[in-house]
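Just so it is clear: chains get the letters A, B, ... in the order the sequence lines come, proteins before strands, and each one is counted from 1.
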2 protein chains.
Amino acid sequence: MESILQIAPKMIQPVPEPSVRRMPSYLSTLHSLSKESVTYVSAPTIARLLNLDPTQVVKDMAYTGVSGKPRVGYLVEELIIAIEDFLGYNRKHEAFLVGAGFLGSALIQYQGFREAGMRIVAAFDIDKKKVGTEISGVPVFDLEKFRDLAGRLHISIGIITTPSGSAQSIADLMVGWGIKAIWNFAPVSIKAPKHIIVQDTHIYSNLAVIMNKLGQIRNEK
Amino acid sequence: MESILQIAPKMIQPVPEPSVRRMPSYLSTLHSLSKESVTYVSAPTIARLLNLDPTQVVKDMAYTGVSGKPRVGYLVEELIIAIEDFLGYNRKHEAFLVGAGFLGSALIQYQGFREAGMRIVAAFDIDKKKVGTEISGVPVFDLEKFRDLAGRLHISIGIITTPSGSAQSIADLMVGWGIKAIWNFAPVSIKAPKHIIVQDTHIYSNLAVIMNKLGQIRNEK
DNA sequence: CAGTGTGAAGTTGTTCACAGCA
DNA sequence: TGCTGTGAACAACTTCACACTG
C-alpha cells in the first residue's frame, strides 16, 4: 500500500521546531478565548496576548492548515481543532515513567497531559518503599521485576525522572522495550538510536539563563 | 560614574542564550569527570559525551574565559570554577515560590537548586490546607496575608507554579515586591516591565515536540 | 484600512575550514 | 597528529515590506 502518490493530505512541509513549541501556547490562549465565547481572533491579537511578532503568528497558523479571513482573523474553534490535530493530541499515547521521586510524582499528578494525548499508565522505581504504592491512581512497580515484562506492552513514550547516573541505562532499557519516544528530565543528554525520538528537558538551562542575567545586572552599574 | 572607558574586566561580549543554556550540562559532565579524577578534558570529548558539535564546545568554553592547551584540552577544575562563576552560582539568590501544588512542591524538594545559587526560602498559597505546613523545611504562607509584607524582604527570584489563570496577577504582585527575575511554570506568557527578567518554562512545549514527531512517524509509512 | 499571506532581508546560531601549536 | 582558536560559509528563524482582500 505504499502508493507513490502520497500527495500529502495536509502538506509534508517540515515545520520549524520553534513553531511546534509555540503551538501549546496558542492552544491555551485559544481555549480561553473560546471560553469567553470569542468566535474570531486575528493574528495581531494573539501576538499581543503572547508577546510574539504578528507575522510569526500568521506563519504558524499557516502550518496548521487553516486560513483566515482578511480584516477578521481566524475562526477560534477551527484553529483549536487544527492545532490539536497538528500536535496529534487526538491520537492516544501511553507512557511509562521511571523514577517516582518528587518530579516523577509531580508529573504523574499533573493533570493536562491526558488531554494532550499522553496517559502515564505506570511508574517504576527501585525504591522498595515506593513499590506497590499508587500515585494518583498510577501504580508504582518494581523496576527490577518488570525489566523484561514491560517490553511486552505497547507503550510509545518513556519518561525518565531518575537521578542522572541511571538515566542512560534506563534509556537503553526503554529502547529495548520498543518505546518510540523518550522524554528525559535528568540533567544529562540521553543517547539513543536515531529512530528514537529523544526530548531532553533540562530545567537547569532555564535557571542558568536567569542566574546569568541576574549576574549581568550587577555588572552593568 | 558612567565612565566611557568601561573596558570590561571580563569582556562584555553578549553570550548567545543557547550557549548559556548548555552551560549546566557542561557543568554536570565536568563534575562527573572530576569525580573520576580526570584532570584534563578536550572539547571533542565533551562534545561526544553531550552529543554536541566539537567546535561549538570550543566556542562555549571561550565564553567562560578559560583557554585550553592544544593536544591536551582544558583543565577540568578550572572549567568548573569558570562556569560556576559565569553562571553566578556563587552569588546567593533567595527565591519565593507561589503555588505550592504538585509542581511547586517538587521544585522545593528538588535538591540542586541550592548549589546553583538559588534557595527557595518560602512558599505561598491560597489553599488554607497548605498554609502553615512545611515542605522540606520550607514554610508555606497564606498569600493573602503576605501580599504586602513579602515586599519588605529582599528576594531576587519569584517562581510561579500556580494555575495559568492566576499567573499574570501573581507576576504583577511579584514585580511590586521588587523581585528581579520571574521563573514562570504556568502555561501562559508572563508580561512584565522590561527590566524584569522573565523566564517562561513551558513543559508542554517539550511534549508538543514529542507528540508532533510521533505523528510524523505514522505518516511516513 | 486592518487584516492575511508570502517572498526578501536581516539576525542569530551552527558548522566548516584552516591556521597555529605542542 | 590532535587539539585550540577563529574567521567565513551556511542554515534556521525572525522580522520586514508589500501585494492582496473584503
Legend entry - Donor-acceptor side-chain pairing of A/S25 and A/R22 below 3.5 angstrom: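 Side-chain D/A pair, A/S25 to A/R22: absent.
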
Let me know the distance between [atom1] of [X] and [atom2] of [N], rounded to the nearest Å.
{"X": "B/K69", "N": "C/dA22", "atom1": "NZ", "atom2": "P", "value": "10 Å"}
{"X": "B/R48", "N": "D/dG2", "atom1": "CZ", "atom2": "C1'", "value": "12 Å"}
{"X": "B/N51", "N": "C/dT14", "atom1": "CG", "atom2": "P", "value": "15 Å"}
{"X": "A/M61", "N": "D/dT14", "atom1": "CE", "atom2": "C1'", "value": "15 Å"}
{"X": "A/L50", "N": "D/dT14", "atom1": "CG", "atom2": "P", "value": "14 Å"}

Inset, instruction - Assign each of B/V58 and A/E17 to its nearest nucleotide of DNA chain D by heavy atoms, then name whichever residue's nucleotide is nearer the 5' end. - result: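 It is B/V58, whose closest nucleotide lies nearer the 5' terminus.
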
Inset, instruction - May I ask you to say what A/P44 touches in the nucleic acid, namely base, sugar-phosphate or nothing, with a heavy-atom cut-off under 4.0 Å? - result: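 Sugar-phosphate contact only - A/P44 comes under 4.0 Å of backbone atoms but never of a base.
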
Inset, instruction - Check every strand shown and say whether B/S67 touches a base, only sugar-phosphate, or nothing at a heavy-atom separation below 4.0 Å. - result: sugar-phosphate

Inset, instruction - Give the nucleotide from the list C/dG7, D/dT21, D/dT4 with an atom nearest to the side chain of A/P70. - result: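 Selected nucleotide (nearest to the side chain): D/dT21.
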
Inset, instruction - Between C/dT6, C/dA17, D/dT14, spot the one nearest the side chain of A/T55, thanks. - result: C/dT6

Inset, instruction - Please state whether the phosphate of D/dC13, meaning OP1 or OP2, lies under 4.0 angstrom from any side-chain nitrogen or oxygen of A/R22. - result: no

Legend entry - Phosphate OP1/OP2 of D/dG5: any B/Y74 side-chain N/O under 4.0 Å: yes

Inset, instruction - Can you spot which of B/T161, B/T201, B/D200 makes a side-chain hydrogen bond (donor to acceptor under 3.5 Å, both in side chains) with B/W183? - result: B/T201

Inset, instruction - Could you say whether A/R71 or A/K59 is positioned toward the 5' end of DNA chain C, judged by the nucleotide with the nearest heavy atom to each? - result: A/R71

Inset, instruction - Indicate the ring-plane relationship of A/F124 and A/W177, choosing parallel, tilted or perpendicular according to the 30° and 60° boundaries. - result: tilted

Legend entry - Contacts of B/L75 that satisfy side chain to side chain contact (heavy atoms under 4.5 Å, CB included) - sequence neighbours left out: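 So B/L75 forms a side chain to side chain contact (heavy atoms under 4.5 Å, CB included) with B/Y40, B/E78.
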
